[in-house]
Enquirer: 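I'd like to ask some things about the structure below.
The chains referred to below are lettered A, B, ... by the order of the sequence lines, with proteins before strands, and numbering in each begins at 1. Predicted model, so just to flag it, every value in this text is computed and none were measured.
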Amino acid sequence: MGFFDKLKRAFSGEKKEQQNEDSEKYNKGLEKSRKTFSDKLNELFANFRTVDEDFFDDLEETLIEADVGFDTAVRISDELKQEVKLKNVKSKSEVSQTIIEKLVNLYEIEGQNEDKELHFSEKGLTVFLFVGVNGVGKTTTIGKLAHRYRQEGKKVMLAAGDTFRAGATEQLVEWGRRVDVTVVRGPEKSDPASVVFDAIKKARDDNYDILLVDTAGRLQNKVNLMNELAKISRIITREIPDAPQEILLTLDATTGQNALTQAKQFRDVTHVTGIVLTKLDGTARGGIVLAIRNELHLPVKLVGLGEQMDDLRDFKPEEFVLGLFKGLLDENSES
Amino acid sequence: MAFEGLTERLQTAISKLKRKGKVSESDVKEVMREIRLALLEADVNFQVVKDFVKKVRKRAIGSEVLESLTPAQQIVKIVNDELTKVMGSEVSQLNQAPKIPTIIMMVGLQGAGKTTTAGKLALKLKKEQNARPLLIAGDIYRPAAIDQLKILGENIKVPVFSLGTDISPVEIVRQGLEFAQEKKNDYVIIDTAGRLQIDEKLMNELAEIKKLALPNEILLTVDAMTGQNAVDVAKGFNEQLDVTGVVLTKLDGDTRGGAALSIRAVTGKPIKFIGQGEKMTDLDLFYPDRMASRILGMGDMLTLIEKAQQDFDEKKALEVQSKMRENSFDFNDFIDQMEQLQKMGPMEDVIKMIPGMANNPALKNIKVDPKDIEHTKAVVYSMTSKEREDPDLLNPSRRRRIAAGSGRPVQEVNRMIKQFNQMKKMMNKVSKGNFSGMEGMFGKGISGKLAKMSMNSMARKSKKRKLKRLRSKRKRK
């Protein structure tokens, strides 16, 4: 129960007023996601009459609608069914309490041993490889991350591994110009692995600290493209045995259940170490974060909260969930 | 290919009914629950699911099913009907302006595929209507978005109007339209920057462009992988801009495509195009009825046939047919068929359009590497012309030579020859109208029956066409 209790304690008066500007922005970016999430659940509780078949149907629908993932939704609904039978839970507050408790506990259990840090090489070059389907925001994420490390005074290089999509290389070069970092590029339609190879060589020779490798977006069911990705990752490891230190799968927060398939397939091909969740500033339901942890067991390491250069943040799972359930606990403890 | 998972679940749900001669209300209820979960799992919006299930249940409980002799088939039919209805019953063509140019505006979230679709659409218009489209680069926000459109334009040889990133999109569009007026372009496609539907400033910009350009078509581009959020996005854009149609992109992924079902139901706006691949030619009209049968695993024969008609050289097909009849199907035909197939698109997509194949367990995870076909071709190309015409010549020594010549292991050559012989046998049977050996191929149970039904109808149709051809030949004589 540890985490759930912690949550409750956090709400019952011990709120520490330590919000600085940074976390304010973080909260604001996620405001909409959270709002939709708790709104959905509160709606369900408001319409609650009795615990019957229809209620479980509604519960499933609500959870799925909040994007907590299909399996998680069905699991919670089933577990609740058991609980209702065993403990004879009937009242509204008891039911809502049980549901939230289940969500939180599940989230906590699945999250043990999760490693949400970004790893760097002890000495020498650090390589991050970015993978994902088309249009999720890989290049933009790289631009933002390059900006961050540049601010920290590191020597950053970008490798334009998307030689396929028209204008992709130009997009990265433009980012390079904006944040003032070197970009290694190859000719259009050339083998991306060769671009990556050149970049590694150059980065090592010129003593760069970090190399961020962009790749073309690919749908996870295209065998050849996935093999190409495996090759890129292989080349990196061949050149620097510890690298890539991170293989980050970029997921669009508005994606539905397919996000889970994406993660599974990309993990089969490369050793994905973490997730970048982009476009969380939209109306995406925050539930996706629960789904990712419960069903994928991959840590979310970064979140994209907007179009500005500094809108890429480290992900703080505890804080996020706190926010996610905040509206819920408040309301239901009053009622 | 999209929809597979949905197909599978729906079929298991329905096949449960098949075992029963008579269907009670509680049976129907159970199936409805399965259908409901299947749709929810496929990311269909929950409200849409609710309405859908309600409609199907109402019709299913009506006397027509409970008393019918084949309740399962009846339910399939109802689900099929309703699915088609949800997605819009008719094919929607592009709106046309009474006077040129027809103005099309692309809108949508970031990364949905607006720019790519704009390029594909321009190429489609150019190819099918000999149109002279103009692309206007209105995305001044994302780095290199204009470059992307320019490169696309260069590749498909369509002019792109751009003024760089320092001028407001509204002004770019104004000048672009003047330019089109001057050059007498018959279509103008405006690419805009991706934006969130809740971003007031940027949405106002779109409204201004709309006021200025008075587009005949505002196409909302939506990623087919979008989850429950698809409905909010569609609603948001529709309320503020009154879009005229939807383009679903990335349908070539393995998404279950729930967005396709939700968007139409919620906005009432038709899906006009679907994007199914990375090539510039991969943009198709959306056919609701075909999509419905594809979801139900009844195969999308019409699209397949249409594809074949487009790509299959009729003369060559006739030649193959006559050869098949003479039982002289040889390697030359084999390779020719391979090439025709390749033209139709990735193998796994083509296979899944064949009725019953979509959820044939043996083919469930089929991944056809395009290179496999190339390898097979290499093997055939390493044969002498005599060997190609008379496959019986292939003794082990010749096979070894072929293996060395094509750079493939000898086992692969053997395997290929075996496949060839099987294909030859099958071709022989099909040309005689005999499917007896193939029954098991489609699996048992309801799905097998469905597949056979459509297979038979395909055979009938092809026979009809053949008769027609023969008759017209006779007339000419």
Side-chain angles (χ1 to χ4, degrees), chain A residues 32 36 57-58 60-62 64-67 70-71 73-74 133-137 139-140 143 164-175 177-178 188 216-225 227 252-259 261-262 265 278-279 281-285 287-288 307, chain B residues 1 5 33 36-37 40-43 45-47 49-50 109-113 115-116 119 141-152 154-155 194-199 223-230 232-233 236 249-250 252-256 258-259 278 346 348 367-371:
Chain A
K32 287 192 186 85
T36 8
D57 279 3
D58 288 344
E60 268 165 18
E61 272 159 21
T62 312
I64 287 173
E65 220 213 331
D67 273 340
F70 180 81
D71 290 339
V74 174
V133 300
N134 316 58
V136 288
T139 310
T140 309
F164 182 79
R165 201 199 70 199
T169 306
E170 284 75 8
Q171 189 181 348
L172 198 71
V173 170
E174 173 65 24
W175 268 109
R177 199 185 55 74
R178 282 189 195 177
E188 204 181 316
R218 61 203 74 219
L219 293 173
Q220 67 276 18
N221 57 348
K222 305 269 149 98
V223 181
N224 279 352
L225 292 177
N227 287 343
D252 180 337
T254 54
T255 310
Q257 306 291 323
N258 197 254
T261 333
Q262 285 172 22
Q265 306 258 13
T278 59
K279 308 186 198 173
D281 51 332
T283 44
R285 278 77 165 172
I288 186 78
E307 299 211 294
Chain B
M1 165 123 345
R33 187 182 147 76
R36 187 180 137 260
L37 287 178
L40 281 175
E41 198 184 5
D43 284 331
N45 175 262
F46 82 106
Q47 195 56 47
V49 174
K50 243 184 182 157
L109 294 184
Q110 292 93 336
T115 309
T116 308
Y141 303 104
R142 199 192 65 190
I146 295 179
D147 291 327
Q148 184 185 354
L149 197 66
K150 274 189 185 158
I151 295 169
L152 284 177
E154 228 165 78
N155 288 345
R195 63 204 73 209
L196 294 168
Q197 78 277 10
I198 48 170
D199 186 330
D223 183 337
M225 291 181 287
T226 317
Q228 298 287 335
N229 195 26
D232 293 336
V233 173
T249 59
K250 306 181 205 171
D252 51 330
D254 52 9
T255 166
R256 300 196 172 165
E278 302 216 24
E348 54 260 52
K367 290 269 155 64
V368 184
D369 188 341
K371 280 214 173 115

Enquirer: How long is the gap from CG on Asp252(A) to OG1 on Thr226(B), to the nearest 0.5 Å?
Expert: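 Those atoms lie 7.0 Å apart.
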Enquirer: Using a 4.5 angstrom heavy-atom cutoff, name the option from Gly111(B), Pro143(B), Gly194(B) with the most pairs to chain A.
Expert: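 Result: the option with the highest number of such pairs is Pro143(B).
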Enquirer: Between atom CG of Leu40(B) and atom CG of Asp57(A), what is the distance when rounded to the nearest 0.5 Å?
Expert: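 Those atoms lie 9.0 Å apart.
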Enquirer: Non-hydrogen atoms of chain B under 4.5 Å away: do they reach the side chain of Thr255(A), the backbone, both or neither?
Expert: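 Answer is both: backbone and side chain atoms of Thr255(A) are under 4.5 Å from chain B.
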Enquirer: Please examine the side chains of Glu278(B) and Leu219(A), heavy atoms only from C-beta on, and report whether any two atoms are closer than 4.5 Å.
Expert: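 Sidechains of Glu278(B) and Leu219(A): no contact.
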Enquirer: What verdict does the side chain to side chain contact (heavy atoms under 4.5 Å, CB included) test give for Lys279(A) and Leu196(B), after you've listed the backbone C-alpha separation in whole Å, the side-chain angles of each residue and the deciding distance to 0.1 Å?
Expert: CA-CA 9 Å; Lys279(A) 308 186 198 173; Leu196(B) 294 168; 5.6 Å; no
Enquirer: Given a strict heavy-atom distance threshold of 4.5 Å, which part of Lys150(B) is in contact with chain A: side chain, backbone, both, or neither?
Expert: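 Neither part; nothing is under 4.5 Å.
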Enquirer: For Arg177(A), is it the side chain, the backbone, both or neither that has a heavy atom under 4.5 Å from a heavy atom of chain B?
Expert: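 Neither part; nothing is under 4.5 Å.
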Enquirer: With heavy-atom distances below 4.5 Å as the criterion, would you say the side chains of Phe46(B) and Glu60(A) are in contact?
Expert: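 Answer no - side chains too far apart.
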Enquirer: Quick one: CG on Asn134(A) to OG1 on Thr249(B), what's the gap to the nearest 0.5 Å?
Expert: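 Rounded to the nearest 0.5 Å, the CG-OG1 separation comes to 8.5 Å.
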Enquirer: Looking only at heavy atoms, which two atoms of Ala144(B) and Gly167(A) are closest? And how far apart?
Expert: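 In terms of heavy atoms, the two residues are closest at CB-O, 3.7 Å.
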Enquirer: Considering all heavy atoms of both residues, which atom of Arg178(A) and which atom of Tyr141(B) are nearest to each other, and what is their separation?
Expert: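 Looking at all heavy atoms of both residues, the shortest contact is NH2-O, 3.9 Å.
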Enquirer: Most heavy-atom pairs under 4.5 angstrom with chain B, which of Gln257(A), Arg218(A), Glu174(A)?
Expert: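 Highest number of pairs under 4.5 Å: Gln257(A).
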Enquirer: Pick one of side chain, backbone, both or neither for Val133(A), based on which atoms fall under 4.5 Å of a heavy atom in chain B.
Expert: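 Only the side chain of Val133(A) comes within 4.5 Å of chain B.
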Enquirer: Given that the side chain runs from C-beta out, which part of Ile146(B) has a heavy atom under 4.5 Å from chain A: side chain, backbone, both or neither?
Expert: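 It is neither, since no heavy atom gets under 4.5 Å.
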Enquirer: Going by heavy atoms in the side chains, are Gln148(B) and Glu170(A) under 4.5 Å from each other?
Expert: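 Counting from C-beta outward, Gln148(B) and Glu170(A) never come under 4.5 Å.
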Enquirer: If I compare all heavy atoms of Ile151(B) with all of Ala166(A), which pair ends up nearest, and what's the gap?
Expert: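 Minimum heavy-atom separation between Ile151(B) and Ala166(A): CG2-CB, 3.7 Å.
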Enquirer: Compare every heavy atom of Thr254(A) with every heavy atom of Asn229(B), then report the nearest pair and how far apart it is.
Expert: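 What the structure gives for the nearest pair is ND2-CG2, 2.8 Å.
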Enquirer: Can you find a pair of side-chain heavy atoms, one from Gln110(B) and one from Glu307(A), that are under 4.5 Å apart?
Expert: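 Yes, their side chains come closer than 4.5 Å.
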Enquirer: Should Arg36(B) and Glu61(A) count as an ion pair when the cut-off is N to O under 4.0 Å?
Expert: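 A salt bridge links Arg36(B) with Glu61(A).
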Enquirer: So do Asp252(B) and Lys222(A) actually touch side chain to side chain, heavy atoms under 4.5 Å?
Expert: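 Answer yes - side chains close enough.
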Enquirer: Salt bridge check: are Lys50(B) and Asp58(A) linked by an N-O gap of less than 4.0 Å?
Expert: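 Yes, Lys50(B) and Asp58(A) are salt-bridged.
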